[in-house]
Amino acid sequence: MTNVEQILKELSSSFNGEITPNKPIAPKTTFKIGGNAELFLEPADFDSLILAVKIVQQNNLPYFVLGGGSNIVFTDDLFKGVVISTGKLNQITLTTKNDDFFVECQAGASISSFTNFCIKKELDGIQEFAGLPGSVGGAIYMNARCFEKSICQILHSVCYLDKTSLSIKNYSYNSEDWAYKKSPFQDSTKLVLSSTFVLKKCTNIEELKSSCKFFINERVSKGHFAFPSAGSVFKNNHEFGLPSGKIIDNCELKGFQIGGAQVAPFHGNFIINTGNATFKDVKNLVEHVKSVVKNKYNFILEPEIIFVDNLIN
């Protein structure tokens, strides 16, 4: 019996959710790149998620927890392991205390559903994230930053799974744990289950809607959705003094292409899938851009996108 067969057997009686062998992964990502996962699991509740992690770890299979798929590039080969999706864990709830409004989002809730929920409830503080693809869990993991605002700035607490002890723990926001596109959940032992944000009642609902529309239009006008991509490829290094997109522009790399992957002609810090890009195309293009920048500036760009292949732990 193979490890995957053993996992299927152990999940059969207690797992609530989707179980799909040989699942295509490309449609689950914004880059639209990737082969199949040997086994795809989409738990419908936290108990099933924890059970999946437990059984996969016990059977020593590689696994990857997939959120909205907006910051990753999957291998074109068969991913020889398990992809666990948080897609069905998408509930959003609201509680209030005095003048504060606490919005709890399960990890698989999309950023768009979070922002729409806040608009409906007339809550202020989420405008900059309107139109951002991906899931709330992924945004917390990456400490997503949009228009000079990081998502940790509205964070109150996080419920997470300690993958070592398989116990659920709670984290209260501490600013010392966070930095530009850094979070304490990039520690591989912590898996975000849900996040609670603290917001205020808006004073002008039309202004709130207008602000959200403005940020969505900004993304559209800058070409964020013109082609499949993972958004910004490289982190900005504020000590260097120039944003990564400007550095890449100065190296005359806009439009440079390897296979189906291209440095966007409209944005130096975007790599786009022109139609048939592969994992290797994107990875080789990232390495080429890093090499050219290093030769010109003696500076090494740091990618923020995650490459998922069969070497992942």
Side-chain angles (χ1 to χ4, degrees), residues 1-19 37-69 71-72 79-93 95 102-109 134-144 151-152 155-179 181-198 306 308 310-313:
M1 182 180 292
T2 65
N3 281 6
V4 168
E5 289 172 338
Q6 180 64 32
I7 288 171
L8 289 171
K9 180 180 177 182
E10 293 181 36
L11 288 173
S12 60
S13 61
S14 304
F15 183 84
N16 180 25
E18 178 184 341
I19 301 175
E38 194 171 13
L39 183 62
F40 179 88
L41 303 176
E42 193 167 30
D45 51 55
F46 288 145
D47 287 343
S48 295
L49 172 65
I50 295 168
L51 176 66
V53 171
K54 176 182 178 181
I55 291 174
V56 169
Q57 289 183 165
Q58 287 177 341
N59 284 274
N60 296 315
L61 262 182
Y63 70 98
F64 183 83
V65 179
L66 176 68
N71 210 40
I72 59 173
F79 178 68
K80 296 177 182 178
V82 180
V83 172
I84 303 175
S85 168
T86 61
K88 293 184 185 297
L89 304 172
N90 54 21
Q91 294 182 14
I92 303 176
T93 56
T95 58
F102 297 91
V103 179
E104 181 179 5
C105 301
Q106 291 185 342
S135 66
V136 172
I140 290 297
Y141 176 88
M142 293 300 300
N143 191 19
I151 200 163
C152 69
L155 183 65
H156 177 264
S157 59
V158 177
C159 173
Y160 70 94
L161 174 67
D162 182 323
K163 292 190 285 185
T164 303
S165 63
L166 293 175
S167 59
I168 295 176
K169 297 182 179 180
N170 290 298
Y171 165 86
S172 295
Y173 174 71
N174 181 344
S175 61
E176 294 181 0
D177 300 332
W178 302 75
K181 294 193 176 178
K182 296 286 187 182
S183 85
F185 298 96
Q186 289 167 12
D187 173 345
S188 62
T189 65
K190 300 182 180 73
L191 173 59
V192 174
L193 299 178
S194 66
S195 305
T196 299
F197 303 90
V198 58
I306 298 170
V308 184
N310 285 306
L311 301 178
I312 194 166
N313 292 322

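Each residue takes its place number in the sequence, starting with 1.
- Judged by distance alone, with hydrogens and angles left aside, the side-chain atoms of Ser135 form a donor-acceptor pair with the main-chain N or O of Gly138 at under 3.5 Å.
- When every heavy atom of Ser195 is checked against every heavy atom of Ile140, the shortest pair comes out as OG-CG1, 3.3 Å.
- For Ser12 against Lys9, the heavy-atom pair with the smallest separation is OG-O, 2.7 Å.
- Residues Leu39 and Val83 fail the side-chain proximity criterion, which asks for heavy atoms closer than 4.5 Å.
- In this structure, Asn143 contributes its side chain and Ser183 its backbone to no donor-acceptor pair below 3.5 Å.
- Between the side chains of Ser194 and Gln106, no donor-acceptor pair of N or O atoms lies under 3.5 Å.
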### Task
Could you check Asp177 against Tyr171 for side-chain hydrogen bond (donor to acceptor under 3.5 Å, both in side chains), going step by step and ending with a plain yes or no?
CA-CA 11 Å; Asp177 300 332; Tyr171 165 86; 2.7 Å; yes
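- For the pair Asn59 (side chain) and Leu61 (backbone), a donor-acceptor distance under 3.5 Å is absent.
- Using a 4.5 Å heavy-atom cutoff, the side chains of Phe15 and Leu8 are not in contact.
- No side-chain donor-acceptor contact under 3.5 Å links Glu42 to the backbone of Ile84.
- Note: Tyr141 OH to Leu191 CG = 10.5 Å, rounded to the nearest 0.5 Å.
- Atom CZ of Phe46 and atom CG of Leu161 lie 10.0 Å apart (nearest 0.5 Å).
- Minimum interatomic distance between Phe40 and Ser85 (heavy atoms only, all atoms of both residues): CZ-CB, 3.5 Å.
- In this structure, OG in Ser172 is found 9.5 Å from CG in Leu155, a value given to the nearest 0.5 Å.
- When every heavy atom of Ser14 is checked against every heavy atom of Leu51, the shortest pair comes out as CB-CD2, 3.7 Å.
- Under a 3.5 Å cut-off, the side chain of Gln186 and the backbone N or O of Lys181 do form a donor-acceptor pair.
- Side-chain atoms of Ser48 come within 3.5 Å of backbone N or O of Asn16 as a donor-acceptor pair.
- Here the straight-line distance linking atom CD1 of Ile50 with atom CG of Leu193 works out to 6.0 Å at 0.5 Å rounding.
- Separation of atoms OH (Tyr63) and CD1 (Ile55) is listed at 12.5 Å; rounding is to 0.5 Å.
- A heavy-atom distance below 4.5 Å is not found between the side chains of His156 and Tyr173.
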### Message
Determine whether Met142 and Lys182 satisfy the following criterion, side chain to side chain contact (heavy atoms under 4.5 Å, CB included), listing intermediate values before the conclusion.
### Response
CA-CA 6 Å; Met142 293 300 300; Lys182 296 286 187 182; over 6 Å; no
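- Checking side-chain atoms of Gln57 against main-chain N and O of Lys163 turns up a donor-acceptor pair under 3.5 Å.
- Residues Val82 and Phe79 fail the side-chain proximity criterion, which asks for heavy atoms closer than 4.5 Å.
- The CD atom of Glu38 sits 8.5 Å away from atom CD1 of Ile7, with the distance rounded to the nearest 0.5 Å.
- There is no side-chain donor-acceptor pair under 3.5 Å between Asn170 and Tyr160.
- Counting heavy atoms from C-beta on, the side chains of Leu41 and Leu11 come closer than 4.5 Å.
- A search for side-chain hydrogen bond (donor to acceptor under 3.5 Å, both in side chains) contacts involving Gln91 returns nothing, not counting sequence neighbours.
- Counting heavy atoms from C-beta on, the side chains of Thr196 and Val158 never come closer than 4.5 Å.
- No side-chain heavy atom of Leu66 sits less than 4.5 Å from a side-chain heavy atom of Thr86.
- A 6.0 Å sphere centred on NZ of Lys80 holds no more than 12 heavy atoms belonging to other residues, nucleotides or ligands.
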